[in-house]
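Notes to accompany the following structure.
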Amino acid sequence: MSKFTSIITLTLPSEPAYKEFYKINDDFFFKDKKVLDFLKQNGMTKWTMSKTDELEPIKLILSMEYLNKKSFDRCQALFLKFMPKVRHLIFKSNILRGEVIF
């Protein structure tokens, strides 16, 4: 099985919206060590978030890499718990998921 990746581009309308998204993300994923342990134990191998230099709108690229598709599926349970926490924010997202080919 090959590695699996999930890439999300996120566009937020303003710096305050970005700061709110960042805080929610930080509180959910990084305040409790068990959350990251769960992702690692279930096959997430890499997670990055990059922010463009543009002032507004704010654009983010989130890249998550997993051992394989099964690892991605196992980790999705946690991300599904995160999504309701950001539903009140206004943002546009595009998602690309698939096997890493090189």
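Computed from a predicted model, the values in this text were never measured in an experiment. FYI, side chains are in, hydrogens and waters are out, and symmetry mates aren't considered; it's all heavy atoms of this structure.
Between Ser93 and Leu10, the shortest heavy-atom distance links the atoms CB-CD1, 3.7 Å. The two residues Lys69 and Phe4 have their closest heavy-atom pair at CD-CE1, 3.3 Å. For Phe91 against Val86, the heavy-atom pair with the smallest separation is CE2-O, 3.4 Å. Scanning both residues, Arg74 and Phe38, for their nearest heavy atoms gives O-CZ, 3.8 Å.
Taken from CD1 in Ile90 to NE2 in His88, the straight-line distance is 10.0 Å, to the nearest 0.5 Å. In this structure, Met83 CE and Phe28 CZ are separated by 11.0 Å, a value rounded to the nearest 0.5 Å. Going from atom OG1 of Thr52 over to atom CD1 of Ile61 covers 8.0 Å, rounded to the nearest 0.5 Å. Atom CG in Leu62 sits 10.5 Å away from atom CD1 in Ile7 (nearest 0.5 Å). Between atom CD1 of residue Ile101 and atom OG1 of residue Thr5 there is a gap of 11.5 Å, rounded to the nearest 0.5 Å. Here the OG1-OH distance, from Thr11 to Tyr18, works out to 13.5 Å after rounding to the nearest 0.5 Å.
At most 12 heavy atoms of other shown residues, nucleotides or ligands fall within 6.0 angstrom of atom CG in Leu55. Remark: Lys51 NZ is packed, more than 12 non-hydrogen atoms of other residues, nucleotides or ligands lying under 6.0 Å away.
Exactly one residue among Asn25, Asp27, Asp26 makes a side chain to side chain contact (heavy atoms under 4.5 Å, CB included) with Lys23. That residue is Asp27.
By the criterion of side-chain heavy atoms lying less than 4.5 angstrom apart, applied directly or through intervening Ile, Leu, Val, Met, Phe, Trp or Tyr residues, Leu67 is not grouped with Phe79; the two fall into different hydrophobic clusters. Taken together through direct or relayed side-chain contacts under 4.5 Å among Ile, Leu, Val, Met, Phe, Trp and Tyr, Phe21 and Phe30 form part of one hydrophobic cluster. Ile95 and Leu60 fall within the same hydrophobic cluster, defined by Ile, Leu, Val, Met, Phe, Trp and Tyr side-chain heavy atoms under 4.5 Å apart, directly or through other members. Residues Leu36 and Met44 are members of one and the same hydrophobic cluster, defined by side-chain heavy-atom contacts under 4.5 angstrom among Ile, Leu, Val, Met, Phe, Trp and Tyr.
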Next item on the list: Could you walk me through whether Val100 and Ser2 pass the side chain to side chain contact (heavy atoms under 4.5 Å, CB included) test, one step at a time?
Entry: CA-CA 6 Å; Val100 176; Ser2 61; 5.7 Å; no
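A perpendicular orientation is assigned to the rings of Phe29 and Trp47, their planes being inclined by more than 60° (bins at 30° and 60°).
Looking at heavy atoms from C-beta onward, Glu56 lies in side-chain contact with Glu15 at the 4.5 angstrom threshold. When side chains are defined from C-beta on, Thr48 does not count as touching Met64, because their heavy atoms never get closer than 4.5 Å. Proximity of Leu78 to Leu39: side-chain heavy atoms (C-beta onward) are separated by under 4.5 Å at one or more points.
The cationic group of Lys3 does not satisfy the cation-pi geometry with Tyr66, failing either the under 6.0 Å distance to the six-membered ring centre or the 45° limit from the ring axis.
Using a distance-only test at 3.5 Å, with no hydrogens or angles considered, no donor-acceptor pair links the side chain of Ser6 to the main chain of Glu65.
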